[in-house]
Amino acid sequence: MSSAHAGPQQPKQPQHWIVQTVDPAAATRIAEHLHCPNAIASLLLSRGISEPTAAQAFLNPTIDDLIDPMLMLGMSIAVARIQQAVHSGEPILIYGDYDVDGTTATVLLKTAIERIAPKEKPAIVTYHVPHRLREGYGMQTSVLGQVASSGVRLVISVDTGIRAFAAAAEAKVLGMDLIVTDHHLPDDVMGIPEAVAVLNPAQTNCPYPFKSLCGAAVAFKLAHALLLAHAEIAEDPEAQRLRLKRGLIPSFLKLVAIATIADSVPLEGENRVIAALGLRELRNPIQLGLRALMQVAQIPINRAPTATEVGFRLAPRINAAGRMDIASEVVELFLTKDPTRATELAEKLNRLNDERRATETKALEAIEAQLATMKIETENGTSADLLAECIILDDPTWHRGVLGILASRIVDRTGRPALVLTHEDGHAHGSGRSIEGFHLLEALTAVHGAVQGAVQGKIDAQDVLFTRFGGHAHAVGFSMPSEHMALLRERMQFYGSTRLTGAMLTPPLQCDAEVLLSDLTQNFFDWLTRCEPFGMGNREPVFVTRGLTLTAPVRFIREKHICLQLEKSGERLRFSALGWSRGSDWPARCAELALGEGSRIDAAYRLKTKTNPQFPGLELELVDIRIT
């Protein structure tokens, strides 16, 4: 095992708090229009929502807020080619991917194509979901050769394909048409692959106004366009469009919402509409596989799940199939009409997720031990972290299926971008996660070829670093010869030293409003939930309350979490405040601040509802604290 220098998780250091300031008159205007608490109006203003009508739309997303799919470049051509294949009985292959985004996209598109086929002549739609370890990410020419020999003449990629130049060329040689649907960034130099149509809002000259859709959402746009085009040939087109709007399209949004949340795309604009409506539709799902999976994930089916429940309970079980075994079984789960099979598959995903967690835990222990050694002794005898622009860790024993998770954990612990790799037969496979402001795909693009090759407009063979790479600003995947590890570290260190700033590595804590404990009513919380779903691009609000007193000693939970009892003089209110260990070493922080009964603090926190029905009410989830 080897690594770049990095520091272990430390007691959470004091951050600079920035409390959003808004125009009081504007906040009052919105609060009076909505009849909501002033802090909620301030929150909306801090999200860039300054008009009452826009605030109403934000709080009440509807299906009419979805953007017309025909605005996407290439959509009309893609629809026409699929219609041609369906009407002529051509076999169609959907080429998917092994994560939540790719598997749900496969289900959505297969369902839509089968829906537009006449009952007397069903569509012939098969799918291929690659095996992560045997095939790796992306379209493989060998697979295209196999399906061409079986009669397939139309291939549709979902959540992949935007850099599949070799596969596109092979499809052409084999006499197959290719439609690419993807959301990853195109290659800056080579552009887009040759295909009948390329659907990707991120491509140059695409007029689609929202650029941050996940892969399943792009596939959904194609599915939506197919269904709308098919409605036009119905006996009563208007009635058919209304049935779609009230029935099938909202039903599709369940899977699109899961993928949108799991893929960590910004929950703003159309993504927020998709996530909000899809979560609403997940209440009491009818589809057997989805219902079974929610049950094994212990998500109640009598209410809409939260984005957190989808992100931390549902999505990991879907992803576990691709990480640990065969992701095609996820597609089968969401398509099966056999209740016994649905239960079997859901339980298998649950077991695979347990295996994934065990594998991840073992690797994390090794990572923690390695990070803990990355210290130097200073002149006064104290230890200090060795600063790295980007943390790069590798180990041949780490499972390829959990590399992305490991990278995320390192980012959580260190606040630095991270690349995590494993080795197999002389080749390194890696995954990376980043921090706000550091575009990881741009970093990999820059280090891929030496500066001389870039200046000359070409990349010499000896300068090329990766055999493949792709992704977006916050997450990447890549492969390269293992012998290039030293070169990767050298180039990433140089690139990071010129791009990463102190503000990125120690960002200020963005707080949304300063409130009193007496402001934290059930009505306030109900309004807060209407601002959900929270996630990237619509982060969960952080509030500040000053001058709080600890009314009891710090209570430690499992030696790594804390619970504080807090009140503010004169308010006669007491709140529990919980500090969880994922982002901070709270026991160490309490010792550092000499926190005890009677201590006075300022607290930055998120507002939560208690999960135990025997003790209803609200509680605080600590983000940071200061002694006053």
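Starting from 1, each residue takes its place in the sequence as its number.
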Can you confirm whether [X] sits close enough to [Y] that some side-chain heavy atom of one is under 4.5 Å from a side-chain heavy atom of the other?
X	Y	value
H423	D395	no
M504	R499	no
I274	L213	yes
L500	P417	yes
L349	N353	no
F478	L419	yes
I625	L593	yes
W586	V554	no

Between T551 and L566, does a side chain to side chain contact (heavy atoms under 4.5 Å, CB included) hold up when you go through it step by step? CA-CA 6 Å; T551 62; L566 300 174; over 6 Å; no
If I take atom [atom1] from residue [X] and atom [atom2] from residue [Y], how far apart are they, to the nearest 0.5 angstrom?
X	Y	atom1	atom2	answer
L267	M536	CG	CE	8.5 Å
I318	L333	CD1	CG	8.0 Å
Q510	H16	CD	NE2	8.5 Å
T343	R291	OG1	CZ	11.0 Å
R555	S576	CZ	OG	7.5 Å
E355	N350	CD	CG	11.0 Å

For R626 and T628, what are the C-alpha separation, side-chain angles and deciding distance, and is it a side chain to side chain donor-acceptor pair (under 3.5 Å)? CA-CA 6 Å; R626 292 175 174 173; T628 62; over 6 Å; no
Go through the steps to decide whether R303 and E309 satisfy the test salt bridge (Lys or Arg N to Asp or Glu O under 4.0 Å), and finish with yes or no. CA-CA 12 Å; R303 61 163 172 80; E309 288 173 325; 2.7 Å; yes
For C563 and I557, run side chain to side chain contact (heavy atoms under 4.5 Å, CB included): C-alpha distance rounded to whole Å, both residues' side-chain angles, the deciding distance at 0.1 Å, then the answer. CA-CA 7 Å; C563 180; I557 306 171; 4.1 Å; yes
Taking the basic N atoms (NZ, or NE/NH1/NH2) and the acidic carboxylate oxygens, is any pair closer than 4.0 Å for [X] and [Y]?
X	Y	answer
D65	R272	no
R413	E368	yes
D585	K560	no

Quick one: do the [X] and [Y] side chains pair a donor with an acceptor below 3.5 Å?
X	Y	answer
R356	N319	no
R283	N302	no
N523	T521	no

Reference residue R589; test side-chain contact (heavy atoms from CB on, under 4.5 Å); the match among I562, D624, L595, L622: D624
Tell me which one of V542, T545, V544 satisfies side-chain contact (heavy atoms from CB on, under 4.5 Å) with Y605. T545
Check the pair D394, R489 against salt bridge (Lys or Arg N to Asp or Glu O under 4.0 Å), reporting the backbone distance first and the verdict last. CA-CA 11 Å; D394 68 307; R489 289 197 173 90; 3.0 Å; yes
List the steps and the verdict of side chain to side chain contact (heavy atoms under 4.5 Å, CB included) for F524 and C36. CA-CA 8 Å; F524 179 84; C36 71; over 6 Å; no
Write down the atom of [X], the atom of [Y], and the distance for their closest heavy-atom approach.
X	Y	result
A27	V22	CB-CG2, 4.4 Å
A407	S431	CB-O, 4.0 Å
R546	V19	NH2-CG2, 4.1 Å
A604	L509	CB-CD2, 3.7 Å

Give the C-alpha distance, both sets of side-chain angles, the deciding distance and a yes or no for salt bridge (Lys or Arg N to Asp or Glu O under 4.0 Å) between R409 and E360. CA-CA 10 Å; R409 299 292 184 265; E360 174 192 335; 3.1 Å; yes
Around atom CZ of R357, are there more than 12 heavy atoms from other residues, nucleotides or ligands closer than 6.0 Å? no
Counting heavy atoms not belonging to K362, are there more than 12 under 6.0 Å from its NZ? no
Verdict with supporting geometry, K610 and L618, side chain to side chain contact (heavy atoms under 4.5 Å, CB included): CA-CA 6 Å; K610 294 180 179 178; L618 303 175; over 6 Å; no
Set of residues satisfying side-chain contact (heavy atoms from CB on, under 4.5 Å) with respect to D325, sequence neighbours excluded: E329, K348, L352
Stacked cation flag R606 on F543, 6.0 angstrom / 45 deg: no
In terms of ring plane angle, is the pair H561 and W580 parallel, tilted or perpendicular, where the classes change at 30° and 60°? perpendicular
